[in-house]
Amino acid sequence: MAEVFANITQTLEPFRGVKKITLEEYFTSGHRTCQGCESALVMKLMVKAAGPRTIVLGSTGCMYVANTTYYTTPWVVPWMHTQLGSSGSAALGTSAGLKALMRKGKMKSEPINVIAFCGDGGGADMGLNGISATLTHKDYNCLILMYDNESYANTDIQLSGSTPYGANTTFSPPGSVHRLIHTRWKKNTAGMLAAGHPECRYVATVDASYAVEMMNKVRKALTIGGPTFIHSLDPCPKGWDYDPMLSHELGELAVETGVFPLYEVEDGVVRHYGKTKAIVEGRPRKPVREYLLKQGRFAHFTEEDLEYFQSKVDEMWNKWEIPGVIPFWKEGRPPR
Ligand SMILES: Cc1ncc(C[n+]2csc(CCOP(=O)(O)OP(=O)(O)O)c2C)c(N)n1
Ligand code: SF4
Ligand SMILES: [Mg+2]
């Protein structure tokens, strides 16, 4: 019987610098995302990193709706829409289906990448159970990429479990009685999924402002074997209320202020990378106000709100057992 390749991935060496990136595009013109939409860039880089032998599955949200206007699509590779909370099950089912077809000789046996993307609403909230289940199925190769624009953006910027503290959304407009409607801290989705799924071989956080690193994390996730998860922080001009030309800068500031740490967890080993690594090694973080005050969704913040936000980010770095990754610390351990 022919060897079945459905459970191995393509060999995808890391890109060694921007000049080594392939020219071919698999997410191209034909979409209707907002000007400056970082999530559209994430789609483009994600599939460029994966290459042509890739199937993309997308749960409902901006990256499904704006990318599938009737009669047009930016996807050059095969793609399929899946229900809002189903990125995990769509990824696992597709991977299992390919494996079965190849085993039965009904399709050519070859490595095919399976990537399911979801937004933060679809991933960190509604589809968390499906993603969790998928990450326990180590016999199937698939990547779930959560593009986190920090709201249910497609339905007009509703609050999600990934929305930052205090942000103005359509569900949390600041008013004269209550200045802050949203007073919960954002979920730690990547850390939760890494810590909670000991047999998942790869979890990473990425930021498309650092495009080559981001693409290389996708390539590693598709190569290592088994189900993997990537959390991407995506500035959203509409939801975050800023001039679209600032998307790249805000992506950098999220990392430089320590609000969004960049790390990968590979076979249980945590590795901070990029500017986050420099912060762990002692480089000072920029004040969070430099990041927050560039965004209209925080325009109502007072000095007190900024200080509270800063203190919570400081806690991630000074108290957490693994800075920016695991939100607890050993009893009696002094702050760094
Ligand atoms: C089960 C279900 N509930 C609600 C909706 C309506 N809906 C469509 S897209 C969307 C927002 C999804 O938010 P997110 O996953 O963060 O993606 P984004 O729109 O931000 O890109 C919602 C609530 C739906 N399609 N399916
Ligand atoms: S609302 Fe935000 S995520 Fe949606 S298309 Fe516009 S910029 Fe992109
Ligand atoms: Mg969203």
Side-chain angles (χ1 to χ4, degrees), residues 27-46 56-69 72-75 79-91 115-132 144-164 167-172 182 184 186-190 193 205-209 214 229-251 254 260 294-298:
F27 175 91
T28 176
S29 54
H31 61 82
R32 296 194 310 173
T33 64
C34 308
Q35 185 184 23
C37 174
E38 199 78 347
S39 297
L41 178 65
V42 166
M43 296 295 116
K44 176 183 152 104
L45 299 177
M46 171 190 87
V56 175
L57 314 153
S59 68
T60 325
C62 281
M63 288 306 104
Y64 159 60
V65 176
N67 286 331
T68 54
T69 311
T72 73
T73 178
W75 293 111
W79 67 272
M80 186 192 85
H81 169 231
T82 187
Q83 193 268 342
L84 182 47
S86 299
S87 58
S89 41
I115 305 178
F117 67 74
C118 54
D120 48 303
D125 290 348
M126 295 171 69
L128 198 55
N129 51 356
I131 295 172
S132 172
I144 299 159
L145 185 143
M146 183 178 87
Y147 69 94
D148 180 7
N149 51 25
E150 300 191 319
S151 78
Y152 289 79
N154 179 61
T155 38
D156 208 17
I157 322 295
Q158 287 92 27
L159 181 87
S160 81
S162 218
T163 301
N168 182 352
T169 68
T170 48
F171 277 4
S172 56
H182 174 44
R184 288 168 282 145
K186 175 177 169 137
K187 281 185 191 177
N188 176 27
T189 306
L193 291 175
T205 60
V206 299
D207 181 326
S209 293
M214 181 249 163
F229 180 81
I230 289 182
H231 177 178
S232 169
L233 182 74
D234 300 3
C236 160
K238 184 181 172 204
W240 299 15
D241 189 13
Y242 64 83
D243 188 313
M245 75 174 186
L246 292 179
S247 289
H248 183 90
E249 188 179 337
L250 281 169
F260 189 73
K294 284 196 164 59
Q295 305 171 50
R297 63 182 173 156
F298 300 112

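Each ligand, and each atom within it, is numbered from 1 in the order the structure gives. Basis for what follows: all heavy atoms, side chains included, without hydrogens, waters or symmetry-related copies.
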Give me the residue, atom name and distance of the protein heavy atom closest to [atom].
atom: atom 17 (O) of ligand 1; answer: Y147 OH, 3.6 Å
atom: atom 19 (O) of ligand 1; answer: N154 N, 2.8 Å
atom: atom 24 (C) of ligand 1; answer: L84 CD2, 3.6 Å
atom: atom 15 (O) of ligand 1; answer: G122 N, 2.7 Å
atom: atom 1 (C) of ligand 1; answer: Q83 NE2, 3.1 Å
atom: atom 14 (P) of ligand 1; answer: G121 N, 3.5 Å
atom: atom 25 (N) of ligand 1; answer: T60 CG2, 3.6 Å

Q) So M63 and C37, side-chain contact (heavy atoms from CB on, under 4.5 Å) or not? Walk me through it. A) CA-CA 10 Å; M63 288 306 104; C37 174; 3.8 Å; yes
Could you tell me whether the side chain of [Y] reaches within less than 4.5 Å of the side chain of [X], counting heavy atoms only?
X: M43; Y: W75; value: yes
X: R297; Y: E150; value: yes
X: M214; Y: V42; value: yes
X: T60; Y: M126; value: no
X: F171; Y: H182; value: no
X: L41; Y: D234; value: no

Q: May I ask you to check if ligand 1 and A153 share an N or O to N or O distance below 3.5 Å?
A: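 A153 vs ligand 1: N/O contact under 3.5 Å present.
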Q. So, K186 and D148, do they make that salt bridge, N to O below 4.0 Å?
A.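 Result for this pair is yes, salt bridge flagged.
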Q) Do NZ/NE/NH1/NH2 and the carboxylate oxygens of D125 and K187 come within less than 4.0 Å? A)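 K187 and D125: salt-bridged.
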Q: Can you figure out which of T155, D148, I157, D156 has its heavy atom closest to atom 6 (C) of ligand 1?
A: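 The option holding the nearest heavy atom is T155.
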Element-labelled atoms of ligand 1 that are located less than 4.0 Å from some non-hydrogen atom of [X]:
X: M126; answer: 1 (C), 2 (C), 3 (N)
X: G61; answer: 9 (S), 17 (O), 18 (P), 19 (O), 21 (O)
X: C62; answer: 18 (P), 19 (O), 21 (O)
X: S151; answer: 16 (O), 20 (O)

Q | Per-residue contact class, N149 against ligand 1 - non-hydrogen pairs under 4.0 Å | A | side chain
Q | Check: H248 main-chain N/O paired with S209 side-chain donor or acceptor under 3.5 Å | A |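 Confirmed, S209 side chain pairs with H248 backbone.
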(Q) Tell me if a side-chain donor or acceptor on T170 pairs with a main-chain N or O of D156 at a distance below 3.5 Å. (A)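 Yes; judged by distance alone, with no hydrogens or angles, the pair exists.
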Q: Give a yes or no on this: more than 12 heavy atoms of other residues, nucleotides or ligands lie within 6.0 Å of atom CD of Q83.
A: yes
Q. What are the two closest non-hydrogen atoms of P237 and S247, and how far apart are they?
A. CG-OG, 4.0 Å
Q: State, to the nearest 10 degrees, the angle whose vertex is the Mg ion (ligand 3) and whose arms point to OD1 of N149 and O of S151.
A: 90°
Q: Run through the protein N/O/S atoms less than 2.8 Å from atom 2 (Fe) of ligand 2 and write them out by chain and number.
A: C236 SG
Q. When you look at K294 and D243, which way does the side-chain contact (heavy atoms from CB on, under 4.5 Å) test go after all the steps?
A. CA-CA 9 Å; K294 284 196 164 59; D243 188 313; over 6 Å; no
Q.
If you consider just the N/O/S atoms, which atom of D120 is the closest one to the Mg ion (ligand 3)?
A. OD1
